[in-house]
Amino acid sequence: MTEMLSGGEMLIRALHEEGVEYIFGYPGGAALHIYDAIFKQQAIEHILVRHEQAATHMADGYARSTGRPGVVLVTSGPGATNAITGIATAYMDSIPMVVISGQVPHDVIGTDAFQETDMIGVSRPVVKHSYLVEEAARIPHIVKEAIYIATSGRPGPVVIDIPKDTTDPNELFEYDLPDTVELRSYKPAIKGHVGQVRKAVQALLDCKRPVIYVGGGVVQGNAAPELCSLAYKLNYPVTNTLMGLGAFPGGDRQFLGMLGMHGTYVANNAMHHADLILAVGSRFDDRVTNNPSKFCPDATIVHIDVDPASISKVITADIPIVGQCKPVLNQMLSKLDEELNGREIDSEPIDAWWEQIDSWRESFGLDHDMYKTESDSGKLLPQQVIQVVYQATDGKAFVTSDVGQHQMFAAQYYKFEQPRQWINSGGLGTMGFGLPSAMGVQFAHPHSTVVCITGEGSFMMNMQELSTCSQYSLPIKIVNLNNQALGMVKQWQDMQYGGRHSHSTYADSLPNFVDLINAFGHVGLRAETLRELDEAVSLAFSDKHKSDLVFIDALIDPDEHIYPMFVRGGAVNEMVLNKHD
Amino acid sequence: MRHLLSVLLENEAGALSRVIGLFAQRDFNIETLTAAPTEDETLSRLTLVTTGDDRTIEQITKHLNRLIEVVKVIDLTDNEHIERELMLVKVRAEADARTEVKRTCDIFRGQIVDVTVNTYTVQLIGPTDKLLAFIDAIGTSRILEVVRSGVSGISRGTKVLSV
């Protein structure tokens, strides 16, 4: 006999049966029936946040670090609208997420009822799909479909808006979760077109100056092992986008570093002079291409992407391949073996290309040894902070970041070896992402070291979650690159607005972060010199504080800029390399 | 270039708003849009008139396909097709002008579907340029009200757009 459950109970049951472990949420009127259903079960753990935006970022961090969908539960009206920034963040970076919002009951929808908001309408531009529940009995089916859509094809957030009457505990329905879902209008591509794969492999074998340009699609598509196999087999240089960091190991000889606006000199030069670009799960974002009309003038572009709309959107692909990165790369690997048929790849042209690349690398490489000695000014530099953290964590921590200079320093100087190790808001650029996403990562990986590299500006956008961290004893290590200003804004103002720091500084009104952290029951440390930093970092990552949240307020040189940086409107190899450039 | 896109859409609440939202969100142009259920009531058929270079049209098609509820999209302008639009026009037609309006209406094979002492309401069906030519021929000074349905299109020959 089938079980009779209420809408709220069916929702939780279906989520559990779909493998959901955590729901990140915040209760409110329209969601109370659902919260009562949560109270009566133990299968799923609900995490009570302090702000709905943070709930979405936690679910996002959980999803990015595991590949499984993050689940959020909020109430109607302000609960729903507060979640929007996090939904948009996940949408821009193609992160699987299911956001359940309570809604006012059907009979008052459209009457401007208390805490009513048209969540379907408000979220529409930033979701992959959304559902307004019309019949309670459909809830299990909708959950199944929502998770399938969120996680398949190009992943993304899906909203389920649930009017309160459909979760009424007094109305029971037959619980029926379908085994599979079949949508006639949604059939995401998996394998690539065989003819296109053949052409791509031929192009790879015919080129002289190749670059493999790897994006977040390789991370999200679990295709890093295949990507590495292909790159090693060919001995071709690899550059990762901000979202792709970790897909190819950051310490590898074949790795050129990140490309783009704050990419390395060698990566951007290699891109500009390449005759073949193999773009895998990357989308030619404007932070990568700079001026599209000057982008990679001599290159044949091979573009692998699961989303046909990403192909030839910004840069026309010569050989487009629509499909998931993993199966397509596997197809390419076997085609390559077939083509080579046991013979070695002719390395001569590649040797010359490597020579050129190495000379670029030597002329303006990033200095990864700045942590060893004090800076000339004696001031603590942001690069040093990242390097010290990198050393202390052996390069193995999960690192989340917020948005700004600290994010770029972390991307440049923390050499990510593994996919899903680096978690940041690349597409939307959401300040306030770092702490809550680190919490989501820590929930998913309770025994791993999770570091949040932040700036005081970003940190203050979601610092209320320090209270959530106390409640759930999350031992996150937060490294605050405190330059007492909105550093990236200030840098642009230095470079493009004659140094007029319009509303980018607030030094006199910053809190004493150590006291603030202590007030939440955590451990606060301060470092103003390299020596103090070394001590603080050793202490933070010592066994003594294994179970504590430790916050290091690193007071860095407020005038430090992040370089290299694209010259606006230029080609990708046109970069400002330092302050005097 | 002007393109006629035919879209097969799940006939569900909110589906049409996603299509329209997409055009606004991505700054795509939308000239006319018609939508109604097909013989299979679970599906709606849309005809969209838009303009853009090949690259833009390709993006529009891809983004439409990306919407979960969109079942199929074709560009009718790629092949031979028929397009029709319905227009209702209320024109001033007093005294000696009446015969002139009636004659113009006949030339365009329009039908007068409502008559008052001072006005005719003319129904006209055809491709958009024919409707616009009628407006020109009557003269805007005589026109009181124009209602156009937007274009509906279908492929010529045996080709069909179905699930």
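Chain letters run A, B, ... following the sequence lines, proteins first and then strands; every chain starts at 1. For clarity, every value in this text was computed on a predicted model and none was experimentally measured.
- Residue contact with chain A, scored on non-hydrogen atoms closer than 4.5 Å, involves the side chain of B/Q25 exclusively.
- Neither the backbone nor the side chain of A/L132 comes within less than 4.5 Å of any heavy atom in chain B.
- Under the 4.5 Å side-chain criterion, counting only non-hydrogen atoms from C-beta, A/V322 is not in contact with B/K62.
- The two residues A/S312 and B/E58 have their closest heavy-atom pair at CB-OE2, 4.2 Å.
- Across all their heavy atoms, A/S130 and B/R18 have their closest contact at OG-NH1, 2.8 Å.
- Annotation for B/I68 and A/S185: closest pair O-OG, 2.5 Å, computed over non-hydrogen atoms.
- Minimum interatomic distance between A/T316 and B/R55 (heavy atoms only, all atoms of both residues): OG1-NH1, 2.8 Å.
- Side-chain contact check for B/L43 versus A/R184: some heavy-atom pair is nearer than 4.5 Å.
- In this structure, chain A has a heavy atom under 4.5 Å from the side chain of B/V163, while its backbone stays farther away.
- Both the backbone and the side chain of A/K128 have a heavy atom closer than 4.5 Å to some heavy atom of chain B.
- Residue contact with chain A, scored on non-hydrogen atoms closer than 4.5 Å, involves the side chain of B/R66 exclusively.
- Between B/Q59 and A/A309, the shortest heavy-atom distance links the atoms NE2-O, 3.2 Å.
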